[in-house]
Each structure stands twice: as structure tokens, then as C-alpha cells.
Protein chains: 2
Amino acid sequence: MDIIISNSSDAPIYEQIVSQIKAQIMSGALAEGDALPSMRALAQSLRISIITTKRAYEELEREGFIESYTGKGSFVKHQNKELVREEYMKQAEQLLTQACEKAHMGGISARELHELLDIIYGGE
Amino acid sequence: MDIIISNSSDAPIYEQIVSQIKAQIMSGALAEGDALPSMRALAQSLRISIITTKRAYEELEREGFIESYTGKGSFVKHQNKELVREEYMKQAEQLLTQACEKAHMGGISARELHELLDIIYGGE
DNA sequence: ATATTGTATATACTCTATATACACATTATA
DNA sequence: TATAATGTGTATATAGAGTATATACAATAT
């Protein structure tokens with residue numbers, strides 16, 4: 001279970017956990033039925049409170065990615081990956097929209113944006 | 001002075017004011033030496049607290065865009081527009097990077113992103 | 001029984017936004 | 001010219017939402 005908490009990120013800890021677990025489910029690193037680390041174990045390894053890991057798992061449960069059972073643990077549910085892909089698509093679209101707004105305000109052309117995009121998309 | 005506060009936006013009110021005034025300075029709608037609306041007048045027209053407009057003006061002052069004088073008002077300072085343009089460029093780049101991350105996670109191709117970008121950039 | 005799991009309650013800190021009262025500058029007017 | 005009235009920015013104290021926490025509780029497995 002590779003999860004990295006960045007203090008420099010503006011995203012709250014519980015959200016960083018949520019998005020990274022989602023990404024691992026999407027990539028197949030976590031499959032249906034797999035057990036997640038216990039809230040305590042994850043909290044300990046990340047050196048954060050159990051309550052924060054619980055909050056992350058609650059969010060994942062609310063969104064239908066996992067299920068938790070008292071005394072047993074938390075497990076990955078069956079995923080409709082096409083739905084998740086569309087969610088990412090929406091998020092990418094929103095970010096692109098914001099980028100375009102800034103570009104307009106700064107007088108940056110569509111061509112410049114396309115060039116930037118190629119550099120960034122390829123360079124990862 | 002056209003400023004629009006969106007409740008659906010996740011950005012705080014004072015930041016919405018800051019970015020819109022910045023944009024108006026960049027576009028030339030506000031020129032060096034121009035008087036901004038008084039904190040009270042702006043607060044009244046936006047139906048928000050004076051303290052919030054004050055906070056926005058403080059931020060603009062801190063970033064060197066305006067100057068405020070007790071009893072007189074707030075005024076636009078001289079701007080180095082090239083510097084501001086570069087700031088927008090940086091922000092656009094950051095947003096593009098985030099968009100590319102989401103695209104990768106969702107298996108969205110560079111071609112799809114380029115198409116999206118054209119639609120969004122043109123369609124504003 | 002004991003250990004491991006998830007859960008619930010009460011608390012603290014930061015950020016956003018506010019009401020209210022204060023201090024300074026300009027303008028109207030006596 | 002004095003001075004009251006108005007308009008300007010400023011400072012203090014307060015409230016609410018969001019994030020993160022320590023600690024104690026409840027259910028399950030061994």
C-alpha cells in the first residue's frame with residue numbers, strides 16, 4: 001500500500017488518501033475484494049490520527065469504492081471503471097477550463113497552450 | 001466596476017474580488033492612478049461585509065497592485081504587466097499539469113486533451 | 001479471554017466572513 | 001476661518017465551517 005502524504009499540497013490529508021486509493025483501484029493495483037490496510041495500521045504508517053484515516057475510508061465508502069465492517073476490516077468493492085474514467089475526464093475538463101481562464105487573462109494563445117500541453121503530457 | 005461574486009465557486013469571496021480586480025488592471029479597464037470603489041461602496045453593492053472588501057484590498061496592496069490611504073481611498077499603482085503575464089503563465093502551467101495527471105489516471109489520450117482544449121479555449 | 005477491527009464523542013486549530021466601534025481626510029456651511 | 005457632517009480606511013472581538021486530533025467504546029476473530 002503505497003500512499004504518500006505531501007505537506008506542501010494544499011489538499012487535506014484525508015483527500016490525498018482518497019485520491020491515491022482511487023488511483024490504485026483504477027490501475028488494478030487494488031482489485032475487487034482486496035483488503036485495505038486497517039485504519040490503525042495506515043494511521044500509524046503515515047503518522048496521522050486514526051480519525052483521519054477513518055474519514056478517508058468513509059469518503060471512499062460514500063462514493064462506493066470500498067466497504068467497511070467492524071472487527072473485520074475494509075475491502076474494495078466491484079468497480080465500474082468506465083464511470084470512474086468519466087469522473088477523471090470531468091476533473092481534467094474543469095482544470096483545463098481554469099487553465100484557459102488564466103491563459104486568457106495573461107494573453108497566452110491557444111498555440112502556446114497546446115505546446116505546453118505536449119511538453120507536460122509527454123514529460124511525465 | 002464590474003465584479004461578480006459566485007456562491008457556487010469554491011474560491012472565497014475576497015479572492016474572487018482580488019482576481020477580478022487584477023484582471024481588470026491587466027486588461028486596462030483599470031489604469032494607473034484610477035480610484036477603486038471605496039471599501040464601503042463595494043461592500044454595499046456586493047452585499048457583503050466591509051471587512052471582506054478590506055481583506056481583498058489588503059491582499060491587492062500586499063501584491064503591489066494598489067495603495068490605500070485613510071480618508072482618501074484606494075488607487076491603482078503602476079504595473080509591470082510582463083511580470084503579471086508570467087504569473088498567469090505559471091498558474092496555467094500548474095493547472096495543465098494537474099489536468100494531465102487526471103487524464104493519465106483516467107486513460108485519456110493527449111489527442112483527446114487537445115480536442116478538449118480547443119473546445120474550451122475557443123468557447124469562452 | 002485477548003487482540004484486532006471499525007466507531008463515536010469531545011476538543012483544538014485554522015480559515016472565511018462578520019458587526020461594531022474607531023481614526024483620519026475632505027467638504028459644506030455657519 | 002472655524003467646525004460640523006460626511007466619506008474614507010482601520011482595528012477589535014466574534015461566529016461558523018472545515019481539518020485534524022486523543023481517547024474511550026463496540027463488534028468481530030482467534
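Proteins get letters first, then strands, A, B, ... in listed order; numbering begins at 1 in each. Because the structure is predicted, anything quoted here is derived from the model rather than measured.
Here the P atom of nucleotide dA22(D) and the CZ atom of R55(A) are 16 Å apart, to the nearest Å. One interatomic measurement links the two molecules: CG of L42(B) to P of dT10(D), which rounds to 14 Å at whole-angstrom precision. In this structure, L46(A) places its CG atom 14 Å from C1' of dA20(D), rounding to the nearest Å. Rounded to an integer number of Å, the gap from CZ of R47(B) to C1' of dA17(C) is 17 Å. One can place CD1 of I48(B) at 17 Å from C1' of dA15(D), the figure rounded to the nearest angstrom. One interatomic measurement links the two molecules: CD of E15(B) to C1' of dC15(C), which rounds to 11 Å at whole-angstrom precision. To the nearest angstrom, P of dC15(C) lies 17 Å from CG of D10(B). As rounded to whole Å, 19 Å separates atom P of dT5(C) from atom CD of E67(A).
A heavy-atom distance below 4.5 Å is found between the side chains of I17(B) and L46(B). Between I51(A) and R55(A) there is no side-chain heavy-atom pair separated by less than 4.5 Å.
Contact detail for Q20(B) and I3(B): the closest heavy-atom pair is OE1-CA, 3.3 Å.
Using a 4.0 Å cut-off between charged side-chain N and carboxylate O, E59(B) and K22(B) make no salt bridge. Salt-bridge formation is not detected for the pair E86(B)/K90(B): no Lys NZ or Arg NE/NH1/NH2 atom is positioned less than 4.0 Å from an Asp or Glu carboxylate oxygen. One finds a salt bridge joining E112(A) and R85(B) here, because a Lys/Arg side-chain nitrogen approaches an Asp/Glu carboxylate oxygen to under 4.0 Å.
With the end axes of the helix from dA1(C)-dT30(D) to dA30(C)-dT1(D) each set by five pairs, the angle from one to the other reads 10° at 10° resolution.
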Under 3.5 Å, sequence neighbours excluded: what are the donor-acceptor pairs made by side chains of residues 69-78 of chain A?
{"residue": "Y69(A)", "atom": "OH", "partner": "E67(A)", "partner atom": "OE1", "Å": "2.8"}
{"residue": "S74(A)", "atom": "OG", "partner": "S68(A)", "partner atom": "OG", "Å": "2.8"}
{"residue": "H78(A)", "atom": "ND1", "partner": "E32(A)", "partner atom": "OE1", "Å": "3.1"}

Please tabulate, one pair per line, each protein N/O and nucleotide N/O from nucleotides 6-8 of chain C that are separated by under 3.5 Å, including the distance.
{"residue": "dG6(C)", "atom": "OP1", "partner": "S74(A)", "partner atom": "OG", "Å": "3.3"}
{"residue": "dG6(C)", "atom": "OP2", "partner": "M39(A)", "partner atom": "N", "Å": "2.9"}
{"residue": "dG6(C)", "atom": "N7", "partner": "R40(A)", "partner atom": "NH1", "Å": "2.7"}
{"residue": "dG6(C)", "atom": "O6", "partner": "R40(A)", "partner atom": "NH2", "Å": "2.5"}
{"residue": "dT7(C)", "atom": "OP2", "partner": "K54(A)", "partner atom": "NZ", "Å": "3.0"}

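The 12-atom threshold is exceeded at CD of E115(A), counting heavy atoms of other residues, nucleotides or ligands nearer than 6.0 Å.
Distance check: I25(A) CD1 to F65(A) CZ gives 6.0 Å after rounding to the nearest 0.5 Å.
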